[in-house]
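Read through the structure below, which is laid out as structure tokens, and then see the notes.
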Amino acid sequence: MNTDRNTAVAVIGPGAIGTVIAAALYEAGHTPVLCGRTLREHLTLQDNDGLITVPGPVRTDPRQIDWDADLVFLAVKDTQTEAAAEWLSVLCRPRTIVCVLQNGVEQVERVGPHCPHAQVIPAVVWFPVQAQSDGLVRLRGDVRLTLPDMSASHLVVEALQGTRCSVDLSGDFLSQSWRKLLQNAAAGLMALTQRRSGMFSRSDIARLTLAYLRECLAVAHAEGAELGDEVPQAILDKFQASPSDMSTSILTDREAGRPLEWDIRNGVILRQGRAHGIPTPISDVIVPLLAAASDGPG
Ligand SMILES: NC(=O)c1ccc[n+]([C@@H]2O[C@H](COP(=O)([O-])OP(=O)(O)OC[C@H]3O[C@@H](n4cnc5c(N)ncnc54)[C@H](OP(=O)(O)O)[C@@H]3O)[C@@H](O)[C@H]2O)c1
């Protein structure tokens with residue numbers, strides 16, 4: 001495999017995560033085709049050193065694509081995958097690699113049916129970033145992805161080599177993805193309270209978070225994730241050490257009245273718990289509340 005500049009790369013969903021990846025690809029000499037919903041002439045990423053402009057335009061009509069991709073980054077929210085599926089069907093051919101930049105542990109099962117001839121690889125996205133309403137994306141931290149250590153992942157590694165985005169290949173991707181899932185699950189509490197990470201300094205919320213994370217950890221273990229018993233406390237410590245106004249994408253969606261990724265971030269733990277016969281009394285309360293906050297009615 002090679003990812004010279006002739007490698008045909010597309011980014012579906014040029015929002016917060018998609019813009020960071022598009023900028024990294026552009027820095028490496030690629031000109032990714034940008035497939036979105038909102039027409040923009042270019043994408044703009046702001047980091048500590050200034051602005052990076054990725055030339056567009058953002059294409060908004062899949063019917064105007066007459067081109068096959070070697071590598072596709074899918075960075076729409078999980079709640080938007082179905083609506084974005086036409087992009088996958090026009091871009092993918094047999095052997096196209098689709099790298100899914102979404103939270104959760106079910107990327108292959110959920111995205112695969114929309115591109116049955118492509119090879120879908122999941123990624124753990126470790127960096128937080130947020131898009132403004134004018135499309136500007138501000139980046140302050142390090143950009144890092146973890147992918148499973150399999151041959152298809154090497155195309156992603158090579159495409160992003162030498163860029164701001166480091167890519168780790170993990171021989172135990174399952175554990176890495178469950179580690180991130182637990183972090184996301186706890187952040188779901190912020191969407192329920194509509195509070196930022198300062199809320200974790202409350203002793204009652206800290207106790208609830210730890211109890212919830214221990215419940216999630218039992219399900220992770222049943223799924224085969226190798227995570228130590230210290231993980232719940234480590235996740236809580238991280239929230240407590242964060243700036244008190246730190247947000248999370250599920251809270252941003254709640255504040256904007258958008259559908260929430262509750263099923264891939266919290267619902268999955270309830271579902272897998274039931275499948276393994278593990279009691280999940282806290283999920284039993286949290287998940288319906290998140291689902292109703294997201295999907296209504298009322
Ligand atoms: N943001 C983070 O810090 C972060 C961190 C780790 C993981 N993640 C995960 O990464 C994934 C992407 O999140 P994000 O925060 O980057 O979301 P986002 O900023 O909302 O970006 C989603 C992008 O997809 C576009 N889109 C929506 N429907 C589409 C369609 N039918 N066709 C093409 N494009 C479409 C949106 O267009 P519009 O501009 O029109 O809305 C937007 O540009 C999620 O699974 C999230 O959980 C996010």
Side-chain angles (χ1 to χ4, degrees), residues 10-24 32-45 54 56-65 72-91 98-107 110-111 114 122-146 165 176-177 179-185 187-188 190-191 196-197 242 246-268 290 294:
V11 175
I12 305 174
I17 299 298
T19 294
V20 174
I21 296 302
V33 171
L34 308 173
C35 308
R37 186 170 62 171
T38 301
L39 183 62
R40 297 188 198 285
E41 285 313 310
H42 52 257
L43 304 180
T44 313
L45 178 72
V54 182
V58 173
R59 317 274 187 100
T60 56
D61 185 354
R63 290 166 301 182
Q64 289 180 356
I65 298 281
V72 174
F73 290 93
L74 179 69
V76 297
K77 292 253 164 67
D78 168 77
T79 49
Q80 300 163 332
T81 299
E82 194 139 340
E86 199 179 344
W87 288 112
L88 288 169
S89 71
V90 298
L91 287 166
V98 177
C99 178
V100 183
L101 304 172
Q102 291 179 339
N103 274 314
V105 290
E106 301 169 300
Q107 295 93 337
R110 292 172 87 97
V111 174
H114 297 297
V124 180
V125 180
W126 292 108
F127 53 97
V129 64
Q130 212 175 317
Q132 294 181 178
S133 54
D134 61 0
L136 178 76
V137 173
R138 287 175 200 274
L139 179 68
R140 290 197 178 83
D142 294 335
V143 180
R144 184 165 71 92
L145 302 175
T146 298
C165 179
Q176 296 277 331
S177 56
R179 175 69 173 74
K180 177 71 196 293
L181 183 68
L182 263 57
Q183 192 177 308
N184 285 147
M190 294 160 74
R196 296 180 178 227
S197 54
S242 303
M246 189 192 75
S247 189
T248 171
S249 65
I250 195 167
L251 173 57
T252 308
D253 284 340
R254 177 89 203 268
E255 288 168 340
R258 291 189 288 256
L260 308 180
E261 290 182 301
W262 61 271
D263 192 31
I264 61 158
R265 297 171 57 128
N266 300 83
V268 58
L290 281 168
S294 170

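Note: hydrogens, waters and symmetry copies are ignored here, and every other heavy atom, side chains too, is used. Since this is a predicted model, take the numbers as computed values, not measurements. For ligands, and for the atoms within them, numbers begin at 1 and follow the listed sequence.
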Open item on the list: Under 4.0 Å, heavy-atom basis, I'd like to know which part of F127 is in contact with ligand 1: side chain, backbone, both or neither.
Closed with: backbone

Open item on the list: Suppose we screen for side-chain contact (heavy atoms from CB on, under 4.5 Å). Which residues come up paired with S197, at least two apart in sequence or across chains?
Closed with: M190, F200, F239, S242, M246

Open item on the list: Under 3.5 Å between any N/O of K180 and any N/O of ligand 1: does that happen in this structure?
Closed with: no

TODO: Distance to 0.1 Å, residue and atom name: give those for the protein heavy atom nearest to atom 8 (N) of ligand 1.
DONE: N103 ND2, 3.4 Å

Task: Atom indices of ligand 1 within 4.0 angstrom of V125 heavy atoms, with elements - done: 6 (C), 7 (C)

- [ ] Distance to 0.1 Å, residue and atom name: give those for the protein heavy atom nearest to atom 25 (C) of ligand 1.
- [x] G13 CA, 3.8 Å

Task: Shortest protein contact, atom 35 (C) of ligand 1 (heavy atom only) - done: V76 CG1, 3.5 Å

Task: Proximal atoms of ligand 1 relative to G36 (non-hydrogen, under 4.0 Å) - done: 33 (C), 34 (N)

TODO: Identify the two heavy atoms, one from C165 and one from A24, that lie closest to each other, and give their separation to 0.1 Å.
DONE: CB-CB, 4.1 Å

Task: I17 N/O under 3.5 Å from ligand 1 N/O - done: yes

- [ ] Measure the spacing between CG of L88 and CD1 of I12 and express it to the nearest 0.5 Å.
- [x] 4.0 Å

Open item on the list: Pairs of nitrogen or oxygen atoms closer than 3.5 Å, one from A16 and one from ligand 1: do any exist?
Closed with: yes

Open item on the list: Polar contacts were defined as any N/O atom of the residue lying under 3.5 Å from an N/O atom of the ligand; does this apply to Q130 and ligand 1?
Closed with: no

Task: atom 21 (O) of ligand 1 - nearest protein heavy atom and its distance - done: G15 CA, 3.3 Å

- [ ] With salt bridge (charged side-chain N to carboxylate O under 4.0 Å, His left out) as the test, would you mind laying out the steps for R144 and D142 before giving the verdict?
- [x] CA-CA 6 Å; R144 184 165 71 92; D142 294 335; over 6 Å; no

TODO: Check each atom of ligand 1 against the heavy atoms of C35 and keep those under 4.0 Å away; list them by number with element.
DONE: 33 (C), 34 (N)

Open item on the list: Looking at every non-hydrogen atom in both residues, tell me the closest pair between A187 and I250 and how far apart they are.
Closed with: O-CG2, 3.9 Å

TODO: Check L45 against A23 and note the closest heavy-atom contact, atom names and distance.
DONE: CD2-CB, 3.7 Å

Open item on the list: For R258, I'd like to know if atom CZ has over 12 heavy atoms of other residues, nucleotides or ligands within 6.0 Å.
Closed with: yes

For residues 124-133, tabulate all N or O donor-acceptor pairs below 3.5 Å that involve a side-chain atom, not counting sequence neighbours.
from, atom 1, to, atom 2, distance (Å)
W126, NE1, T146, OG1, 2.7
Q132, OE1, R138, NE, 2.8
Q132, OE1, R138, NH2, 3.0
Q132, NE2, D134, OD1, 3.2

Task: Atom indices of ligand 1, in the order listed, that fall short of 4.0 Å to a heavy atom of A75 - done: 12 (C), 22 (C)

Open item on the list: Counting non-hydrogen protein atoms only, what is the nearest one to atom 32 (N) of ligand 1? Give residue, atom name and distance.
Closed with: W87 NE1, 3.3 Å

Task: Identity and separation of the nearest protein heavy atom to atom 40 (O) of ligand 1 - done: T38 OG1, 2.5 Å

Open item on the list: Ignoring hydrogens, what is the shortest heavy-atom contact between R265 and S249? Give both atom names and the distance.
Closed with: NH1-OG, 3.4 Å

Task: Inter-residue atom distance I65.CD1 - W87.CH2, 0.5 Å rounding - done: 5.0 Å

Open item on the list: If I compare all heavy atoms of L91 with all of A10, which pair ends up nearest, and what's the gap?
Closed with: CD1-CB, 3.9 Å

Open item on the list: How far is atom 13 (O) of ligand 1 from the closest protein heavy atom, and which atom is that?
Closed with: K77 CE, 3.7 Å

TODO: Compute the shortest N/O to N/O distance between V129 and ligand 1 and return yes if it is under 3.5 Å, no if not.
DONE: yes

Task: Ligand-side contact atoms (ligand 1) for residue partner A83, heavy atom cut-off under 4.0 Å - done: 31 (N)

Open item on the list: Need the ligand 1 atom indices (1-based, order shown) with element for anything under 4.0 Å from a heavy-atom of E261.
Closed with: 44 (C), 45 (O), 46 (C), 47 (O)

Task: Ligand-residue contact atoms, ligand 1 with P128, heavy atoms, under 4.0 Å - done: 3 (O)

Open item on the list: Minimum heavy-atom separation for L290 and L260, please, with both atom names.
Closed with: O-CD1, 3.9 Å

Open item on the list: I'd like to check which ligand 1 atoms, numbered from 1 as shown, lie under 4.0 Å from a non-hydrogen atom of L101.
Closed with: 10 (O), 11 (C)

Open item on the list: If you apply the rule side-chain hydrogen bond (donor to acceptor under 3.5 Å, both in side chains), what do you find for E255 with S247, and how did you get there?
Closed with: CA-CA 11 Å; E255 288 168 340; S247 189; 4.7 Å; no

Task: For atom 41 (O) of ligand 1, the protein heavy atom that lies nearest, with its residue and separation - done: R37 NH2, 2.8 Å

